[in-house]
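Contents: one structure, followed by commentary.
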Number of protein chains: 2
Amino acid sequence: MPAKSKIPKAGEPARAATINDIARLAGVSKKTVSRIINNSPLVRQDTREKVETLMREVGYVPDPLARGLAFRRSFLIGMVYDNPTAQFIVNMQYGALDTLRGSGFELVVHPCDSRSPNYIDSVRRFVQQQKLHGVMLVPRVSEDQALADMLAEIGVRYVRIAAVSLDAPERMVVTHDRDGAAEVADYLQSLGHTDIAMITGPRDYRSSIERSEGFVAALEARGITLPPGRVVEAGYTFESGVAAAETLLGGKKRPTAIFCGNDEMAAGVYRVAMRAGISIPRQLSVVGYDDSPLASRLWPPLTSVRRDTRDTGRISAAMLLLAEGAPRQMASVRPHLIVRDSCQPPG
Amino acid sequence: MPAKSKIPKAGEPARAATINDIARLAGVSKKTVSRIINNSPLVRQDTREKVETLMREVGYVPDPLARGLAFRRSFLIGMVYDNPTAQFIVNMQYGALDTLRGSGFELVVHPCDSRSPNYIDSVRRFVQQQKLHGVMLVPRVSEDQALADMLAEIGVRYVRIAAVSLDAPERMVVTHDRDGAAEVADYLQSLGHTDIAMITGPRDYRSSIERSEGFVAALEARGITLPPGRVVEAGYTFESGVAAAETLLGGKKRPTAIFCGNDEMAAGVYRVAMRAGISIPRQLSVVGYDDSPLASRLWPPLTSVRRDTRDTGRISAAMLLLAEGAPRQMASVRPHLIVRDSCQPPG
DNA sequence: CTGAAAGCGCTTACAG
DNA sequence: CTGAAAGCGCTTACAG
């Protein structure tokens with residue numbers, strides 16, 4: 001036994017146990033303890049049990065800093081995003097933490113500004129300096145191929161959450177926004193609407209493209225065509241929704257139903273309808289996307305497409321924790337329509 | 001020079017520079033480089049400049065894992081919270097990251113369930129295992145003295161964000177909710193309201209106590225008394241706001257104004273008023289607290305008390321980064337009323 | 001299946 | 001103001 005075992009002074013909080021303490025107390029080498037920590041199969045079962053019991057009794061937890069230094073990789077998962085709604089971010093975080101809890105990994109959040117010219121560089125610095133174990137890319141940064149390429153180049157594991165597959169299957173969690181929009185189309189058609197309009201998000205958002213294309217295609221399949229004037233591009237914000245609604249509702253002949261690319265813009269439609277004295281749903285049916293809390297705060301409660309963001313976060317984090325060699329495939333999260341009171345057959 | 005300098009194979013990405021590389025290239029000892037990294041004054045100015053230039057050229061960044069191991073403390077700030085609204089959490093995170101960006105520190109988020117019997121233990125494990133540099137306690141966990149005591153006992157630095165001071169000044173960021181509520185009282189009184197009601201949050205939330213006591217006291221000071229029947233306790237949620245509003249608006253004589261402890265509950269009042277055909281603000285004035293995005297999505301736009309949550313996050317993180325010996329004092333963030341269209345003089 | 005040695009990239013005493 | 005030695009708590013080859 002080396003002579004340096006420190007005797008803690010009385011009153012001083014006992015320093016936390018280390019791998020050396022466990023090895024000594026268990027009468028094995030520290031390498032064996034290390035093997036147990038890392039779930040190596042090269043340990044006899046009885047040795048493993050003896051040591052694990054001891055670790056539990058002593059309350060030993062391996063130091064992530066020391067492990068990280070030796071591994072050249074930390075036990076941190078990074079979540080990188082640009083500017084989604086607060087509820088979306090928080091649900092994604094909750095989901096990721098659901099799977100990280102108890103794993104020894106922690107979640108480091110990293111919002112960034114993808115319009116900034118050097119944002120990819122700044123994400124690279126973040127990832128490299130922290131030696132992240134893996135990175136979750138949330139829309140819309142998840143759609144940026146240059147960002148993904150950079151991460152691949154520096155050899156860090158990542159998962160992309162997006163409306164469609166954009167990468168190798170084991171790196172994708174796909175939310176199938178096209179299907180959600182198609183469900184809206186079917187619903188509105190089934191109510192009898194034929195003069196339908198849509199307010200889309202920005203055309204450089206993949207989610208926006210998928211939602212609008214999916215909507216148009218599903219309507220076509222049911223024999224309804226959306227003329228160009230009935231599709232207005234907005235910016236996924238409340239204010240842009242207001243502006244788009246003014247365009248759509250200010251004309252001579254109003255559509256009888258509007259599908260909005262998200263709930264924020266649907267709230268904008270509500271605002272304009274309220275001011276113009278247009279009754280929802282009697283004179284105008286409205287559907288949103290996201291099923292945010294806002295949807296049920298509005299009056300009448302907004303019919304909207306739910307995406308299970310928390311589950312998306314859970315799955316994404318789980319994909320990052322999978323062992324290097326484990327079989328991996330694309331994950332899917334399916335949207336579905338939540339019907340509330342904002343639609344009815346056209347007057 | 002030790003003989004172990006590795007020659008990287010061609011094609012292999014050059015390994016990142018270490019403190020040894022910098023020391024060798026600069027012709028100083030690694031201790032001197034370490035002093036420069038840690039801003040020690042015990043370095044000659046020209047030495048410092050020479051080495052700093054070199055570090056920049058090489059793109060050297062000290063490894064937080066190695067530093068953390070040697071310091072016995074990581075470069076991570078933890079944010080611990082229970083269940084505030086999404087917007088509040090996100091703004092707090094943005095604020096904290098505003099000050100952390102470029103500092104070498106990162107933000108680790110840690111939501112928890114303060115009703116769980118062992119939550120304090122689970123926070124302790126989190127803090128100790130990660131060897132956190134500091135912890136931000138967000139309401140309502142910030143109000144839990146047992147949690148703060150635990151953190152003090154294990155010797156970790158923390159900051160508490162709360163409606164009133166609950167701890168040593170250098171550990172407090174105070175949001176003065178009492179003042180915000182008083183401003184609402186003054187405003188409603190100035191409009192001529194005398195039959196006023198309040199929907200409060202849970203009585204075991206400090207923010208709730210401060211907002212209701214502050215409101216009642218300020219009304220008293222202006223000669224208005226709130227009878228017990230005009231104060232209804234709810235749970236800071238939309239649904240509880242609906243229930244409270246039904247109580248207040250279902251009676252014979254309705255109040256002409258309602259102050260709600262947060263915007264979510266104010267949305268509940270809107271819902272009940274809408275269903276009952278009570279016009280806001282013509283027949284009923286409503287005020288909220290938080291100035292969340294919801295406030296401007298509602299119709300009519302809701303007058304509400306703004307608290308600058310992002311700034312609160314900024315300040316809190318800054319207090320945690322202050323050097324051990326730096327002079328420190330209590331920080332304050334002041335609320336203020338944002339007047340929109342949900343109030344007018346009583347009919 | 002197990003172990004002794006060397007190393008990950010830093011900092012902390014201790015000297016000078 | 002500067003440096004050589006030892007150590008932080010782990011893991012990775014390399015032996016056996």
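Proteins get letters first, then strands, A, B, ... in listed order; numbering begins at 1 in each.
- For the pair Lys31(A) NZ and dG7(C) P, the computed distance is 17 Å after rounding to whole Å.
- Residue whose closest nucleotide on DNA chain C sits further toward the 5' end, between Lys30(B) and Val28(A): Val28(A).
- Partners of Arg67(A) under the salt bridge (charged side-chain N to carboxylate O under 4.0 Å, His left out) rule, at least two apart in sequence or in another chain, do not exist in this structure.
- Between the CD1 atom in Ile161(B) and the OG1 atom in Thr309(B) there is a gap of 9.0 Å [rounded to 0.5 Å].
- The backbone N or O of Asn118(B) lies less than 3.5 Å from no partner atom in the side chain of Asp121(B), so there is not a single donor-acceptor pair.
- Pairs of residues two or more places apart, or lying in two chains, that qualify as salt bridge (charged side-chain N to carboxylate O under 4.0 Å, His left out) and include a residue from residues 91-117 of chain B are Asp98(B)-Arg310(B), Asp98(B)-Arg314(B), Asp113(B)-Arg115(B).
- Near DNA chain D, meaning a heavy atom under 4.0 Å away, the residues from residues 32-47 of chain A are Ser34(A), Asn38(A).
- Between His133(B) and Phe105(B), the ring centre distance stays below 6.0 Å.
- With hydrogens and angles disregarded, a donor-acceptor distance shorter than 3.5 Å links the side chain of Thr312(A) to the backbone of Asp308(A).
- A straight line from CG of Leu65(A) to P of dT11(D) spans 13 Å, rounded to a whole angstrom.
- dG9(D) atom C1' lies 7 Å from atom CG of Asn20(A), rounded to whole Å.
- Residue Phe75(A) is out of contact with every strand shown, counting any heavy-atom pair closer than 4.0 Å.
- For Ile19(B) and dT11(C), the CD1 to C1' distance is 8 Å, given to the nearest whole Å.
- A salt bridge links Arg160(B) and Asp167(B); the closest N-O separation between the charged side-chain nitrogens and carboxylate oxygens is under 4.0 Å.
- Phosphate proximity of dC8(D) to Arg72(B): absent, as no side-chain N or O sits under 4.0 Å from OP1 or OP2.
- At whole-Å resolution of the value, CD in Gln129(A) and P in dC10(C) are 10 Å apart.
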Strand DNA chain C as a dot-bracket string - pairs counted if Watson-Crick or G-U with both distances under 3.5 Å, | where the partner lies in another strand:
|||.||||||||.|||
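- Under the 3.5 Å distance criterion, the side-chain polar atoms of Arg171(A) are left unmatched by any main-chain donor or acceptor of Val159(A).
- Following rounding to the nearest Å, Asp63(A) (CG) and dC8(C) (P) show an atom-to-atom distance of 18 Å.
- The distance from atom NZ of Lys131(B) to atom C1' of dG9(D) is 8 Å, rounded to the nearest whole Å.
- Summarising the geometry, the separation between CG on Leu69(B) and P on dG9(D) is reported as 7 Å, rounded to the nearest angstrom.
- Under the 3.5 Å distance criterion, the side-chain polar atoms of Asp144(B) are matched with a main-chain donor or acceptor of Ala146(B).
- Proximity of Thr18(A) to the phosphate of dG9(D): no side-chain N or O atom is located under 4.0 Å from OP1 or OP2.
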Show the atom names and distances, to 0.1 Å, of all donor-acceptor pairs under 3.5 Å that link a side chain in residues 86-94 of chain A to residues at least two apart or in another chain.
| unit_1 | atom_1 | unit_2 | atom_2 | d |
| --- | --- | --- | --- | --- |
| Gln87(A) | NE2 | Asn91(A) | OD1 | 3.2 |
| Asn91(A) | ND2 | Gln87(A) | O | 3.4 |
| Gln93(A) | OE1 | Gln93(B) | NE2 | 2.9 |
| Gln93(A) | NE2 | Gln93(B) | OE1 | 2.9 |

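- A donor-acceptor pair shorter than 3.5 Å cannot be found between the side chains of Gln129(A) and Arg125(A).
- Under the 3.5 Å distance criterion, the side-chain polar atoms of Arg140(A) are left unmatched by any main-chain donor or acceptor of Val138(A).
- Mapping Ala66(B) and Phe71(A) onto DNA chain D via the closest heavy atom, the residue that lands nearer the 5' end is Ala66(B).
- Residues from residues 50-59 of chain A with heavy atoms under 4.0 angstrom of DNA chain D: there are none.
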